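Input: a single structure, listed below in structure tokens.
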Amino acid sequence: MPTLPDDAFAPLLVDLNEPQRQAITHADGPLLILAGPGSGKTRVVTRRAAYLASTVTSARHVLAITFTNKAAVEMRQRVAALDVGPGITVATFHALCAKLLRIHHERAGITRNFAIYDRDDKRKAIKQAIEECGLSADNLSPASVDEQISLAKNALCGAAQYAESASDWRARMVARVFERYEALLTANSALDFDDLLTRMTLLVERDAELRGRLNDQYRYVLVDEYQDTNAAQYRLARLLSEGHRNLCVTGDPDQSIYGWRGADIRNILDFERDFPDAKVVRLEQNYRSTKQILALADKLIQNNLQRKHKALWTENTSGENVRIVELDDSDREASWIVDDIAKKVTAGAKLSDIAVFYRVNALSRVVEEAFFQKGLPYQIARGVEFYARKEVKDVLAYLRVLSNPDDELSLMRIINTPPRGIGDTTIERLKAEAQRTDRRVINVLSDKSVVSGLGRSGMKTRAFDALLMELSPHLNLSPSRALTEIISRSGLRAMYAQEDRGGDSAPVENLDELINAAAAFEESHPGASIVDWLEHAALVSDVDSVEGEKDCVTLMTLHAAKGLEFPIVYIVGLENGLLPFRRMQDDAGAGYDEEEERRLFFVGITRARRQLTLTRANYRMLRGITTRTTFSPFLDELPPNALQWIESERVATPVRSSRIDRGELPSDVDQWSVGTMVRHPLLGIGQIVSMDRGSRRTFVDVVFKDGSRKTWVLEFADLTRVEFEDVD
DNA sequence: AATATTCCCGTTTTT
DNA sequence: CGGGAATATT
């Protein structure tokens, strides 16, 4: 490595501790960065990428692989901000594989325009496979088969191999479905998410020439969140760095929480065995949390055996005690939290600084209700995925059929959407004919001799075929133009406009948002094709979670919290069976991993910067049954002196004004507008600075005397209008 | 095809 | 308890 004076890249090496600096400047050979929570990993990773690109090699030889799009976007931006020209490849595993498979589709043995099936598509295909195997979905649920196929694929086990190892009856049934499912995917020219990884990995493994080319192209490979890699990703990472061994992996074994999904913590634990000459850097100084919070997390995680020791420490202040609050039941637990938050807000805390975590989504509802009652705005991190919405999938199905006529799953989705009189019997006939003559249904559609034999429904079928013909030239337009045309010409817009009479979703708005999303995509990817856009839509599911800092509390599962941080954190439901989550009446606790549960709790704790509150309810209602709970055993593992126990003060559930209970707008809402003065019981007098009357909810932004600004859902906000004269 | 009814099921879910 | 899907009804 050329030794240059440090100031040549001073901005990259400023403000670092020694291990961070080592991690950034290590050039050749394997490198393992063990990064504790809040240890500045992202900074190290981005600067390392920039350092390599500017001093050791050039940007186009640097490849950074992440797990989430969010991480990829963030890394791309932060590297760009360091002024190291563009050219670094930053991608998720899946996006990278999709891109490479598209380029090398011939070697991979697939068509160029292959579709990417998401979970819903996959389940549908599996269901079809189950039926075609003459089995009933009763004994074999698509979901469980999905899970098993997924685990198998992620372990690089194909259908044939799975069949060989199938020992019991059930496994043999799954094996049959697996094989049938694979045949379906092939017939549809489609890949599922797992295929993207496994097909690419197997391709690189068997194709030495391609492997050599990739090794030469990507001379420095960086894999983030390495503790979450599964067998396919592990193998791919190794193959991609086989020629040069410049593989840098970062992660934290203590934050491995996706074992149930096929991630193998041993990949990171055994890195030094795989690469005996690996340089190991530990980032142990925490810049995020108070001493108390960090000590708690550290004490807890020491109970795990499967780990690499890290000495977590911080120079931050000691901070407040971690609070443990015990409440009578889940309702009171929720309202206690919301009351506590309200107090903090009055004391000046920002809502966006606060988060509530829970182990299972089912717990979110009680908490939400409490927020509703109090009129405090909140958001749930896991929104219904935009691209999973019915109307969006309908549109995408048209695009898919047009770009990949093999995709019969999508064809079946649109053949009678909007309703055009092609019913089940007609579809069955078309399918039968297709099977008899060994064609795809779409080809049968355009066969005059077949269609004319269908009588009245033949007309409809012909009309549909004509529609597809009419739409197909639009494929050459830009994605947003194509979408616009197809949405209106297919009749989808008209259909959803009619459906949109005050329902709780706004499908037409979503269609427009889809067009906007496509337009935005075009801007960042000039010259992108429909297929590019479809790929983007399949792999980037977080359009709506990109919205920036909203002034509200964030609710999410512990899993979703990974990688985030908040000054104030609440974790609910510290109960045995819930925080170490245990499935009841399960076959001998299969799939239960206490260490992983502990890591999950560790992740939750270490999200908190300043204040952490753990709560627990004596009685919890779950699935309509109220049960007496017991303490989470994890609580016993925490250092008692760092904890502050708060007795269950009995907060009388306040009897609220009925308008808010019913979620209604104030009766004098007509007189509410921007400029109206309002009163909040805690925050006093404020003025409306914006008011957004959506179809479902009305949002108001209020600025108070002290200059603070809050957003509320008016239906649930404890706001009353005050006459201007009342204010002095 | 649209609506009413029953019934079934119920961790976590980066892509 | 509550949502979604499968099924029944008009």
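Worth saying up front: this structure is predicted, and the values here are computed from it rather than measured. Proteins get letters first, then strands, A, B, ... in listed order; numbering begins at 1 in each.
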Classify the nucleic acid contact of Glu535(A) as base, sugar-phosphate or nothing, counting any heavy atom under 4.0 Å across all strands shown.
nothing

With a 4.5 Å heavy-atom cut-off, do Ile130(A) and Pro142(A) have their side chains touching?
yes

Do any N or O atoms from the side chain of Asn69(A) and from the backbone of Leu539(A) form a donor-acceptor pair under 3.5 angstrom?
yes

Would a distance-only check, ignoring hydrogens and angles, find a side-chain to backbone donor-acceptor pair under 3.5 Å from Arg413(A) to Leu396(A)?
no

Is there a donor and acceptor pair, one atom on the side chain of Arg359(A) and one on the base of dT12(B), closer than 3.5 Å?
yes

Could you tell me whether a side-chain N or O of Asn416(A) sits under 3.5 Å from a main-chain N or O of Ile422(A), the two making a donor and an acceptor?
yes

What's Asp228(A) touching, base or sugar-phosphate or nothing? Going by heavy atoms closer than 4.0 Å.
base

OP1, OP2 of dT13(B) versus side-chain N and O of Asn361(A): anything below 4.0 Å?
yes

Rounded distance (Å) that lies between atom C1' of dC9(B) and atom CZ of Arg123(A)
13 Å

Distance, rounded to the nearest Å, where Arg598(A) contributes CZ and dT12(B) contributes C1'
17 Å

Of the nucleotides dA2(B), dT12(B), dT11(B), which has the atom closest to the Phe581(A) side chain?
dT11(B)

Starting at atom CD of Gln255(A), determine the distance to atom P of dT14(B), rounded to an integer number of angstrom.
17 Å

Find which nucleotide of DNA chain B each of Asn416(A) and Leu558(A) is nearest to by heavy atoms, and output the residue with the more 5' nucleotide.
Asn416(A)

Under 4.0 Å between any heavy atoms, over every strand shown, what does Phe93(A) touch: base, sugar-phosphate, or nothing? Just pick one.
nothing

Would you mind reading off the distance between Asp118(A) atom CG and dT13(B) atom C1', rounded to a whole angstrom?
13 Å

When rounded to whole Å, the CD1 to C1' distance for the pair Ile116(A) and dT15(B) reads 10 Å

Short side-chain N/O contact from Thr66(A) to OP1 or OP2 of dT14(B), under 4.0 Å:
no

Among residues at least two apart in sequence or on other chains, which ones pass salt bridge (Lys or Arg N to Asp or Glu O under 4.0 Å) with Glu565(A)?
Arg288(A), Arg609(A)

Which whole-number value in Å describes the distance from Asp593(A) CG to dT11(B) P?
18 Å

Which letter, B, S or -, goes with each nucleotide of nucleotides 1-10 of chain C from 5' to 3', with contact meaning a protein heavy atom under 4.0 Å?
BS---S----

Within less than 4.0 Å of OP1 or OP2 of dT15(B), is there a side-chain N or O belonging to Asn69(A)?
yes

Please evaluate the base of dT15(B) for a donor-acceptor partner in the side chain of Arg261(A) within a cut-off of under 3.5 Å?
yes

Determine if the base of dT12(B) is syn or anti; take syn to mean the glycosidic torsion is within 90° of 0.
anti

Heavy-atom check, side chain of Glu225(A) versus side chain of Thr66(A), under 4.5 Å
no

Pi stacking test for Trp260(A) and dT11(B): under 5.5 Å apart, planes under 30°:
no

CD1 of Ile380(A) versus C1' of dT12(B): gap in Å, rounded?
15 Å

Lys562(A)/Asp228(A) salt bridge by N-O under 4.0 Å criterion:
yes

Could you pull out all residues at least two apart from Ser150(A) that satisfy side-chain contact (heavy atoms from CB on, under 4.5 Å)?
Lys122(A), Asp146(A), Asn154(A), Asp194(A)

Phe357(A) CZ to dT12(B) P, in whole Å, measures 16 Å

